[in-house]
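The structure appears below as structure tokens.
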Amino acid sequence: MARLLADRPADTLTIGDMARQLGHSHGAVRNAALTLVRRGEADQGGTGQPSFCANAKTAAAAQAAVISPPGTHAPRDRAATARTTSPAAAKPRQSGPIRRAGGQLYHPRELADLPDVEALNRLRDADVPVLLYGPPGTGKTSLVEAAFEDLLTVAGDGDTTVGDLIGEYTQADSGGYVFQYGPLVTAMTEGRALLIDDATLISPKVLAALYPAMDGRRQIQVKAHKGETIKAEPGFYVVAGHNPGVHGAVLTEALASRFSVQIQIGTDYDLALALRIDARVVRVARHLARQVELGELGWAPQLRELLSYQKTEAVLGTKAALANLVGIAPVEDRDIVAAAVIKAAGVKKIAPLTLGKQLPASAVRQPPGSTGSAHRGRSR
């Protein structure tokens with residue numbers, strides 16, 4: 001990359017420009033470019049879409065750089081070709097636990113006789129958009145984060161605007177205004193995966209800005225920025241999440257038709273047991289989930305709630321963790337949840353975790369580093 005920049009000292013190149021000439025993935029080119037900038041061996045410009053140019057140190061850096069010849073296929077292109085010719089023989093990338101960007105482990109599940117992360121990567125290679133749907137807390141976002149290391153995410157809600165997707169003008173330190181590109185433009189220009197989380201909470205008029213990037217055009221117009229046309233680079237991919245039971249979530253025909261594959265995501269209660277979550281609580285969750293399926297109940301604990309139960313139990317004890325599990329249930333379902341917990345745990349009564357009467361001062365443990373003695377000294 002240093003050699004490419006050094007050979008074109010008068011040019012400013014985007015990540016897409018360099019990726020096309022070097023034949024590498026956009027993610028790899030981006031990382032290499034930022035490394036050169038950190039070392040002071042190249043300069044970065046651009047207020048939204050980043051661009052790079054040579055400086056006085058670039059030519060020297062190029063002497064030690066290893067450059068693949070132009071035309072070399074990116075790893076993703078080779079993988080896609082191999083799968084096209086012999087998909088049955090393709091080797092799964094990983095079926096064991098995968099560490100996500102935040103450090104948490106994701107445990108892959110089976111999807112179409114493949115680890116789910118492998119299935120999503122094959123769909124990405126084939127440019128088949130995916131919609132994941134299911135109750136909150138079942139691991140939709142975790143799956144996407146585990147599958148795609150280059151992921152960008154838009155957290156959707158009723159207030160999400162076109163500017164949140166494409167970009168908008170922001171005030172610079174100098175006092176003027178510059179256009180800052182949004183995650184959709186970044187994903188398109190860098191060939192990255194984009195998760196639209198809670199997509200069905202976003203206004204259909206806002207989502208319409210996304211559709212031209214997903215169909216055969218694979219481009220959008222940034223009307224707010226001089227009508228600029230943004231074209232999607234290879235690797236750009238869209239996946240969305242949908243929580244059907246959440247108030248205000250509407251899966252329109254226009255949105256559904258853009259996602260050729262739609263995958264239901266539920267809680268893996270066997271995984272919950274494998275993670276050593278209290279078997280009684282997992283049994284309660286299974287029972288309540290069956291009632292939800294039958295339409296007798298509106299809520300059941302999912303993996304997120306079960307993991308929270310485990311952490312709360314470790315800190316505050318079983319009684320408090322059970323009370324909290326009842327307390328986080330919706331008010332209309334709380335009595336049924338409480339009855340199920342009472343039966344499984346063998347307790348006489350349970351109520352939401354609530355503050356009790358005030359404790360005497362002698363029963364209150366001073367926190368580490370407290371200044372009790374100092375206060376006593378001042379009171380004399």
Side-chain angles (χ1 to χ4, degrees), residues 1 4-5 8-20 26-27 29-58 101 150-199 201-215 217-240 254-255:
M1 179 176 297
L4 173 63
L5 292 173
R8 300 175 59 175
D11 294 339
T12 298
L13 304 177
T14 66
I15 290 172
D17 295 332
M18 294 184 288
R20 282 190 292 272
H26 286 64
V29 168
R30 179 176 182 273
N31 290 338
L34 293 177
T35 297
L36 288 175
V37 171
R38 283 195 299 270
R39 293 175 178 173
E41 297 168 345
D43 293 335
Q44 180 178 351
T47 56
Q49 182 179 348
S51 57
F52 302 86
C53 62
N55 61 23
K57 297 182 179 180
T58 307
D150 62 345
L151 184 70
L152 293 172
T153 301
V154 174
D157 57 38
D159 295 325
T160 301
T161 66
V162 172
D164 293 328
L165 289 176
I166 295 178
E168 57 193 349
Y169 280 94
T170 60
Q171 191 166 17
D173 294 338
S174 60
Y177 285 85
V178 295
F179 193 83
Q180 186 70 40
Y181 291 104
L184 173 58
V185 173
T186 302
M188 292 177 69
T189 55
E190 297 183 10
R192 297 170 66 176
L194 178 68
L195 168 63
I196 310 295
D197 209 4
D198 288 325
L201 294 179
I202 301 175
S203 164
K205 292 182 179 180
V206 173
L207 285 175
L210 172 70
Y211 298 154
M214 297 179 62
D215 59 26
R217 292 168 285 181
R218 288 183 64 81
Q219 66 181 37
I220 61 171
Q221 268 198 321
V222 186
K223 296 180 180 178
H225 192 225
K226 306 173 184 178
E228 177 186 14
T229 298
I230 301 293
K231 296 183 179 180
E233 297 290 342
F236 169 67
Y237 183 67
V238 178
V239 60
L255 179 62

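Values below: all heavy atoms of this structure, side chains included; hydrogens, waters and symmetry mates excluded. When a residue number appears, it is its place in the shown sequence, counting from 1.
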With a 4.5 Å heavy-atom cut-off, do [X] and [Y] have their side chains touching?
X: L195; Y: V154; answer: no
X: I230; Y: T189; answer: yes
X: I202; Y: I196; answer: yes
X: L151; Y: R192; answer: no
X: D43; Y: T12; answer: no
X: F236; Y: L184; answer: yes

Taking all heavy atoms of [X] and all of [Y], pick out the closest pair and write down the distance.
X: A240; Y: A199; answer: CB-CB, 4.0 Å
X: P212; Y: A208; answer: CD-O, 3.4 Å
X: A42; Y: L5; answer: CB-CD1, 4.0 Å

Polar side-chain atom of [X] near backbone of [Y] as donor-acceptor pair, under 3.5 Å:
X: T58; Y: E41; answer: yes
X: T160; Y: G156; answer: no
X: D11; Y: L13; answer: no
X: D198; Y: L201; answer: no

TODO: Walk me through it: do T170 and F179 pass the test side-chain contact (heavy atoms from CB on, under 4.5 Å)?
DONE: CA-CA 6 Å; T170 60; F179 193 83; over 6 Å; no

Open item on the list: Pairing donors with acceptors under 3.5 angstrom, does anything connect the side chains of Y181 and E228?
Closed with: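 Result is yes, a qualifying pair exists.
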
Task: Derivation of the side-chain contact (heavy atoms from CB on, under 4.5 Å) call for L194 and V239 - done: CA-CA 6 Å; L194 178 68; V239 60; over 6 Å; no

Open item on the list: Suppose we call two aromatic rings close when their centres sit under 6.0 Å apart. Are Y169 and Y177 close by that rule?
Closed with: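 So the answer is no for these two rings.
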
Between [atom1] of [X] and [atom2] of [Y], what distance do you get to the nearest 0.5 Å?
X: L36; Y: K57; atom1: CG; atom2: NZ; result: 12.0 Å
X: T186; Y: I166; atom1: OG1; atom2: CD1; result: 11.5 Å
X: Q180; Y: H225; atom1: CD; atom2: NE2; result: 10.5 Å
X: M18; Y: R8; atom1: CE; atom2: CZ; result: 10.0 Å

Open item on the list: Between E233 and M188, is the side-chain contact (heavy atoms from CB on, under 4.5 Å) condition met? List the steps.
Closed with: CA-CA 6 Å; E233 297 290 342; M188 292 177 69; over 6 Å; no

Open item on the list: Run L255 and Y211 through side-chain contact (heavy atoms from CB on, under 4.5 Å) and show every step you take.
Closed with: CA-CA 8 Å; L255 179 62; Y211 298 154; 3.6 Å; yes

